Amino acid sequence: MHGRKRLPVGHTPDRSKDQAKREKLKQLLSDTLRDHHEKCYTKEALKKNAQLLELNPEFYTGWNYRKLAVRHLIDAETDEAARKNLLDEELLLVERALQVNVKSYGAWYHRKWVIEYGLSPLDHEFMLLRRLLKADARNFHGWNYRRFAIEKKGVTAEEELDYSTEKINENFSNYSAWHYRSTLLSRVIRDKKSKEEILDEEYKLVNQAYFTEPDDQSAWFYNTWLLGETKADSDAEPQVAETWPENGSSISVNNQDGAFPLTISYKTIVNSEQSFTSRTLPLVITFKEMVSSVVAMVRSQPGMENLGEITWRPLSAVSVPSKTWVADLPIQLSCGGEYTVFLEVSSPPADQVTSVSFKLIIASGDSAHPRKEMDPKAFSWPGKLPSEGELEADTASKLVRLNMDESTAEAGCIKQDSTVLPRENWQEKLLEAQIEILRDLLELERNSKWPLLTLARVLAVHGSSSFTEEVLELYKLLSDVDPDHGDYYKAQHSCLYIDKITRSRDGLKKLWWDCQGSLSSGWLRCNELGLHEFKFVERLLWVQRLDLSHNQLRTLNGLEALQLLEALDVSHNKLPSVTSLASLRLISGLQYLSISHNELGSHPVDFSRYSFPSALTNQAPDHHGKGSGNIDGNWDIQAVFGGMDLKVLEIAGNTAASNEKFRKSILKALPSLKLLDGEEV
Amino acid sequence: MTTFQLEKHVNYVKSLDKKSDFDSVVMEHLRMSGAYWGLTALDLMHSLNDMDGEEIAAWILKCQHDCGGFGGNIGHDPHILYTLSAVQILALFDKLSVVDADKIAKYISGLQREDGSFAGDEWGEIDTRFTYTAVSCLSLLKRLDSINVEKATDFLVRCRNFDGGFGCTPGAESHAGQIFCCVGALAILGALHHVDRDLLGWWLCERQVKAGGLNGRPEKLPDVCYSWWVLSSLIIIDRAHWISKEKLRDFILNCQDQDRGGISDAPDDAVDVFHTFFGVGGLSLLEYPGLKSIDPAYALPVDVIDRVFYGQKS
Ligand SMILES: [Zn+2]
């Protein structure tokens, strides 16, 4: 019930009046139900039913009965005029019912049902709609009915566009009309030429609207949509974002005694040597959008065996589209030598092909970068600072910031910024005109939320790096201007910021800390950056150790693309639940994980419950099925950690860490674990 | 600060069944949903044990028709909305075994149309509310394989709009209630990748008005029921931190009838069971102390859902 005032305490409604009304309604209801069950379709019965529906149009069974009765009477009637009369009665009843409750689904549907007979003039319907949408311009039943009537009458989208213009000009804050316009325009825009002209006109309309009503949301939402339409056609873009191995890189494969596993070494974009052990050479492709299928031809020069048998699998592990796809390249050690491997990737039905090639050097015998069995303790940096004593010890490693001289970097060249799409002149012009108009409006409306936000978005779409600092500032300002949505602006800020600092080789070098005194690789440190979100992981496919500690992260979604990751520090963030770590179960080589000092166990609500496949989403992988996963009432622990190969885990500083049952479930799910919070398992 | 009047709300909900005023007749045709709202609210307030599950289950069975569908009350026609409410109540009482799941599945799958959409009943009204109802009900009964899941998903995607939201049919305006239905259904179908979380999350978080309450569409008044529709959708897509939870909590608390219990749509309006449920559900999603946690997609307590999908808790 909506909009009815509460009675003051002690005040009771007039009983006798209520009683009489109640008895009448009750009688009418039981009459209709009786007539319905007895299939009694007399004029008298229909009259009583009409009274009932006028009193309460929500009695759906009453409408059902009525349809049966009307159908019965119409089928028995041969004269078309008489049939039309019967239906006219129905239309009048609906109008009376809508006067009682204009939001009655049953009444509106009854009207559609009547119109479907095709005996009633549609002009009357349009007249009625005009009146209704004049009185209540946002009534979505009315708008839906209009769509229905338009289709019946065969009105074109172009013609309807005039109606939406009329409604928008009547009142700029009619969101329903803006929405309607967006559905019509999508049908009107047919080619590039018409798109250019239409967008130009639409911007004029929307600019006029927000200059008139700058605090109204409607035009601003429409403006954001226009902005998306102004972006370059994504069809013309390469679909592949990044790959590992990178295009133009060089990989060496060694083994020490002629047996598995192999040591795989590569030089990274920050010019440091990395290596890891594996039975095959993993191949990773990340796409800009999720794709449902991948065709990737692999060949080599000189030819290697078994390349035709490579299968690509989506990382998601369930049957949904995926951004990241992986495969294993089998290595025949007996075939030592130097190869060039070519990958030709596409995702049907798009016919775009991305070509990638890398050098593969296979050598038996001693590796140039031999690798020792990993000591779990060697990971304890940088999550916590080692004590003096530990530093001396053999297991400790010391991180030093990479020195910044531009040495001969041959591996991996940074590609053009993948977020900025090539544009045509008209797009550039439109965006620049919008920037100017928004700056003008901000002169009048200083620190006004909507123009600030829209300016930030237009600048970001424009993509010129000269705007980056301004957009970052705008998002900072917005979280002050509109603190209720502060986390939204901070998320936008984080995305832009991480884009900025990972975009170039120099940016990445600043984040890179080499590991001195240790044979294993260094860390990419994105710690203490105030990050609310972590994006652009596709630029970091080469990273094996990642420090994200001391940020504001609430989820690790997306990190699964880092298939070479073996150590991750996300301590001191805001991870609220086990399910927020779900993406990590897709990284098979992860051995060290610190999630200490997060919010695990502090939240009754599981915010990531629906962010990964489970029985609840009808996507449970077999081993997470019903029953077995919830023996301790912790199905989430089994679903996330089960099957992982972690050696070291740190969970101290979470509410859940002091829960014995929680720890036990963790240990049960991770049989390979050696150290939990620094203690041997 | 206003506090949550748990005991008064429990008493209010319990008193509803005995009422015989005009409103109770007006609501007679949707007694099944009324029972679901009231009983779930009681469970969230740890008071379901006071109710007689046997008696309620027996009444539910009297509302079932030969076709497998349930009516809103005894003698009322079957409809998909009340079929879901019936199944939800049985799940609350751990009594899903008293119904023939295949028979219900047959009724629901019979309502799916060629384009993947669902009709509410034999008369053919189409709405994404009915898709949610079908999907949620079949998932609770482990009978999703009885419908064409792919087509059902496609239809939901066709209802997606320029603002990232969803409407009741293709082309219809985004509306928070409808968004819950579509996002909830996509979540249950494992197809959330069709949702642009950032775009939709932004639209949803802009439903919060200065006073703290949430509205259902731009430039509309706030209403307690949207605390549920908006917030549950935000949680399903993990964007609930984009609104001010404190302000929303205070708005809901201010809609309580402090004297007689119950929660209304807006401060000082008349209370009803619908808004009482959505107010309590909203507070549960806001982690209000002393309430059970509610599942954002199935709209049932989390322990009930975990029992259905992962077996008995220890
Ligand atoms: Zn409401």
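Please read these numbers as outputs of a predicted model, since none were measured by experiment. Every chain is numbered from 1, with letters handed out A, B, ... down the list of sequences. We use all heavy atoms of the structure for the numbers below, so side chains are in, but hydrogens, waters and symmetry mates are not.
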Comparing B:V302, B:T169, B:V271, B:L189 against chain A, the one with the most heavy-atom pairs below 4.5 Å turns out to be B:V302

Side-chain donor or acceptor of A:H179 paired with backbone N/O of B:E173 under 3.5 Å: yes

Strictly below 4.0 Å, N to O, side chains only: are A:D484 and A:K449 in salt-bridge contact? no

Tell me, out of B:M27, B:R207, B:K210, B:E246, who's got the most heavy-atom pairs with chain A below 4.5 Å. B:R207

Between B:Y298 and B:S139, does any side-chain donor sit less than 3.5 Å from a side-chain acceptor? yes

Heavy-atom cut-off 4.5 Å, strictly under: side chain, backbone, both or neither for A:S182 against chain B? side chain

Sidechain N-carboxylate O distance under 4.0 Å for A:R146, A:E160: yes

Per-residue contact mode, A:N64 against chain B (heavy atom under 4.5 angstrom): both

Once you round to the nearest 0.5 Å, how far does CD of B:E219 lie from CZ of A:R138? 7.5 Å

Output yes when a side-chain donor or acceptor of B:N161 lies under 3.5 Å from a complementary backbone atom of B:A172, and no otherwise. yes

Tell me whether the NZ or CZ atom of B:R217 lies within the 45° cone about the ring axis of A:W143 and under 6.0 Å from its centre. no

If you tally heavy-atom pairs under 4.5 Å between each of A:T183, A:N557, A:L33, A:L184 and chain B, the highest tally belongs to A:L33

So B:L300 and B:V308, do their side chains get closer than 4.5 Å, heavy atoms only? no

Max heavy-atom pairs within cutoff under 4.5 Å with chain A, candidates B:D223, B:D268, B:I235, goes to B:D268

Parallel under 30°, tilted from 30 to 60°, perpendicular over 60°: which one fits the rings of B:W202 and A:F221? tilted

Taking side chain as everything from C-beta outward and backbone as N, CA, C, O, which of these in A:E533 sits under 4.5 Å from a heavy atom of chain B? Side chain, backbone, both or neither. side chain

Pick whichever of B:L199, B:L221, B:V25 has the most heavy-atom pairs under 4.5 Å with chain A. B:V25

Is the shortest side-chain N to carboxylate O distance from B:E125 to A:K112 below 4.0 Å? no

Turns out that what part of A:H37 lies under 4.5 Å from chain B's heavy atoms comes down to side chain

B:F309 six-ring face occupied by B:K142 cation (under 6.0 Å, within 45°): yes

With respect to chain B, which residue among A:S218, A:S608, A:S173, A:P321 yields the maximal number of heavy-atom pairs within a distance under 4.5 Å? A:P321

Do you know which of B:E287, B:K292, B:R197 has the most heavy-atom pairs under 4.5 Å to chain A? B:E287

So which residue, B:Q208, B:R260, B:E206, B:R239, ends up with the most heavy-atom pairs under 4.5 Å with chain A? B:E206

Toward chain B, the part of A:H603 with a non-hydrogen atom under 4.5 Å: both

By a 4.5 Å heavy-atom criterion (distance strictly below it), what part of A:Y109 contacts chain B: side chain, backbone, both, or neither? side chain

If you draw a 6.0 Å radius around NZ in B:K245, do more than 12 non-hydrogen atoms from other residues or ligands fall strictly inside? yes

B:L192 portion near chain A, given a 4.5 angstrom heavy-atom threshold: side chain

Measure A:L185 against the heavy atoms of chain B and call it side chain, backbone, both or neither at under 4.5 Å. neither

I'd like to know whether the aromatic ring centres of B:H29 and B:Y82 sit less than 6.0 Å apart in this structure. no

Measure B:H76 against the heavy atoms of chain A and call it side chain, backbone, both or neither at under 4.5 Å. both

On the ring face of A:Y105, is B:R129 found with NZ or CZ under 6.0 Å from the centre and within 45° of the axis? yes

Heavy-atom distances under 4.5 Å only: say whether B:D257 touches chain A with side chain, backbone, both or neither. both

Please look at A:R187 and chain B and tell me whether the side chain, the backbone, both or neither of the residue comes under 4.5 angstrom of a heavy atom of that chain. neither

Measure distances from A:P8 to the heavy atoms of chain B and classify the residue's part below 4.5 Å as side chain, backbone, both or neither. backbone

Can you tell me which portion of A:W113 sits under 4.5 Å from chain B's heavy atoms? Options are side chain, backbone, both or neither. side chain

With only heavy atoms counted, which part of B:P170 is less than 4.5 Å from chain A, the side chain, the backbone, both or neither? backbone

A:S186 versus chain B, the contacting section by heavy-atom distance below 4.5 Å: neither

Between A:W225, A:Y65, A:W178, the one whose heavy-atom pairs under 4.5 Å with chain B are most numerous: A:W225

I need the residue from A:D216, A:D606, A:N144, A:V320 with the largest number of non-hydrogen atom pairs under 4.5 Å to chain B. A:D216

Please classify the contact between A:T224 and chain B as side chain, backbone, both or neither, with a heavy-atom cut-off of under 4.5 Å. side chain

Quickly, which of B:L44, B:L248, B:L231, B:L291 forms a side chain to side chain contact (heavy atoms under 4.5 Å, CB included) with B:L283? Name it, please. B:L291

Heavy-atom proximity to chain B below 4.5 Å, by part of A:R609: side chain

Do the non-hydrogen side-chain atoms of A:N56 and A:L29 ever get within less than 4.5 Å of each other? no

Select one option (side chain, backbone, both, neither) describing which atoms of A:Y222 are under 4.5 Å from chain B's heavy atoms. both

